[in-house]
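The next block holds one structure in the form of structure tokens; read it before the comments.
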Amino acid sequence: MVETFMITHDSIVDSPGAGSPGELADTQGLLRFGFKHHTDAVFLLLRVKDAAAARHWMGHVQVTSAVSLDPLPSTVLQVALTRAGMSALGLGADVLGGFSEEFLEGMAGDPNRTRRLGDVGASAPDRWDWGSGDREPHVAVLLYALPGNLAEFQRVTEADCAAAFDLMYRLSTIDMGGVEPFGFADGLSQPEIDWDRMLPAMDQQQLSYRNLSCLGEFVLGYPNEYGLYTPRPLLDAQHDPHGSLPRAEDSPDSADLGRNGTYLVIRQLRQDVRGFWRAMDVRAGGVDVEREWLASQVVGRTRSGEPIVVDESAGGSAVAGADFATGRGSTAAGSVTAEAGTGRGSLTARAVTVGSTPTRAPDLNAFTFDADPAGNRCPIGAHIRRTNPRTADLPPGSTGVISQLIRTLGLDSKARAEDLAASTRFHRVLRRGREYGVQLTPEQALRRLAPAESGLHFICLNANIQRQFEFIQSAWIMSTKFNGLHEESDPLLGNRLPGSGGTRCDYFTMPRADSPTRRLEKLPQFVTVAGGAYFFLPGIRALRFLAASGAG
Ligand code: HEM
């Protein structure tokens, strides 16, 4: 579906920013907070058993909004629905028709999508524990709690849901202290959302990487990075006679069912922690330091989170005129805002003490890859470089007029190869994943023989699943032709099944400035998909509207 409505800056200056209390009260908290204090979490996947009871539950359930986490609530509940869930509630084509095609088809609903996402072989949907066919959930209820508060909250919530839903699956999580199961600090880099709508609502070419994202990239009903409103269900006002929904900014006669909502992607990613560390160890000849170094090349950060592109010996900076908003100081004050921008486990800009002088640790996100075009310090295929190449709208290079023109017209062959990685700002996601299973250190993983299952319930939020999550997953993570590379996909996440014609995808290239390029080969697959689905995370008014409107 095309993003069509061009608006001018003037047309929205009087509109309240989503940062206004009224709009935040209508927004589910997950869009603004990672709930990092709420270390205990479980995600309930439900199927509607009694539509009337389900609508009643959805019309009354207490949902935590994005207004404030001060004081910290002891528990948090968020609700999202799949297309199948909306149908089961009795919602008709007039409501469903406005949702995006990929949402309506579902994560596992189309073989081409499945192939593009890399969900083949061991990750094929027919092998998933949940998410495909009649194992597609209708509703996801995300429960978060301060330590010690989850069990009772879960018990009460499940009892409340029992008449309305069958409990299909409980996705349990464990708190690994801001580290994912392979042992790397996670949740460090997040886009910062322009809640106050300070960015101009028009598409202006960005000559340097910027971390601040237009609100409409993450929240429906507001202008996105193109200065457009992402398509979403707009209803004829007659469907909302009581005015329960906000009117659309770009179509004032329509009720905006999307406003303050977004799409939620959940993927259960099983991680072979033993396999990962064994593969690193074998290629490192059993040498600890080499093993750590190889693993950091794969991710693009050390296990404690330092970006390897930053050359400490050269003063520790890889910044080239970029604008790094790290998520602090945009809307609210203090710890709440820090949580809002950086997600869980953030090590960025933490205060540390050296001797008796308090100082600040380096910002672990203040870098681009511009000063390392060949990938000598951070391989081009490293996980964080694939998933966020930190590029502006033109491939890296001088910003002189002639040079820009040559690259804009695509006359420079090197620039053409890099083009796939340009314009990162259209392909950002807000990550909200949680870990599950058994936590192992690399040493334990190498020693331990019994398989211990662990993984990531990968969760991300975005206004346009196709342009954001699916693009990152297919064009950047799974693509074997990313940014001039060939026969390799993301070394951490890639599916290693050969492509059509037997093309391999199990290499990983690490160029060096002062020695020959090193290429790992026959990398095993470390991550397998065990389930997944696309959900709509509605605004709170929209949730109540959906609960009321299925009835008719
Ligand atoms: C088991 C699966 C995965 C593991 C173990 C993993 C691990 C990591 C780690 C360790 C980081 C660096 C820390 C950070 O910046 O937060 C990271 C960053 C990131 N990952 Fe993943 N990840 C996984 C799956 C995915 C998937 C499926 C996607 C998207 C489709 C993704 C997108 C990203 C993005 C966008 C970043 C931030 C890059 C940046 O802004 O610098 N990851 N991941």
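First listed ligand is number 1; within each ligand, the first listed atom is number 1. Note that this is a predicted model, so its numbers are computed, not measured.
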Legend entry - Within reach of ligand 1, part of T387 (heavy-atom separation under 4.0 Å): both

Inset, instruction - Answer with side chain, backbone, both or neither: which part of L456 has a heavy atom less than 4.0 angstrom from an atom of ligand 1? - result: side chain

Inset, instruction - Determine, using ring centers only, whether F471 and F426 are less than 6.0 Å apart. - result: no

Legend entry - Residue part near ligand 1, for R390, under 4.0 Å between non-hydrogen atoms: side chain

Legend entry - For ligand 1, the portion of R267 having any non-hydrogen atom under 4.0 Å away: neither

Legend entry - Between F367 and F369, ring centroids under 6.0 Å: yes

Inset, instruction - Please confirm whether Q473 comes within less than 3.5 Å of ligand 1 when only nitrogen or oxygen atoms on both sides are compared. - result: no

Legend entry - Contact (N/O only, under 3.5 Å) between G187 and ligand 1: yes

Legend entry - is_close_aromatic(F536, F99), centroid dist under 6.0 Å: yes

Inset, instruction - Please say which of E470, E136, E102 ends up in a side-chain hydrogen bond (donor to acceptor under 3.5 Å, both in side chains) with Y534. - result: E470

Inset, instruction - Give yes or no for whether the N/O distance cutoff of 3.5 Å, strictly under, is met between V527 and ligand 1. - result: no

Inset, instruction - Take every heavy atom of R385, measure it against each atom of ligand 1, and state whether any distance is under 4.0 Å. - result: no

Legend entry - Part of I477 with heavy atoms under 4.0 Å of ligand 1, whether side chain, backbone, both or neither: side chain

Inset, instruction - With heavy atoms only and a cut-off of under 4.0 Å, state how P181 meets ligand 1: side chain, backbone, both or neither. - result: neither

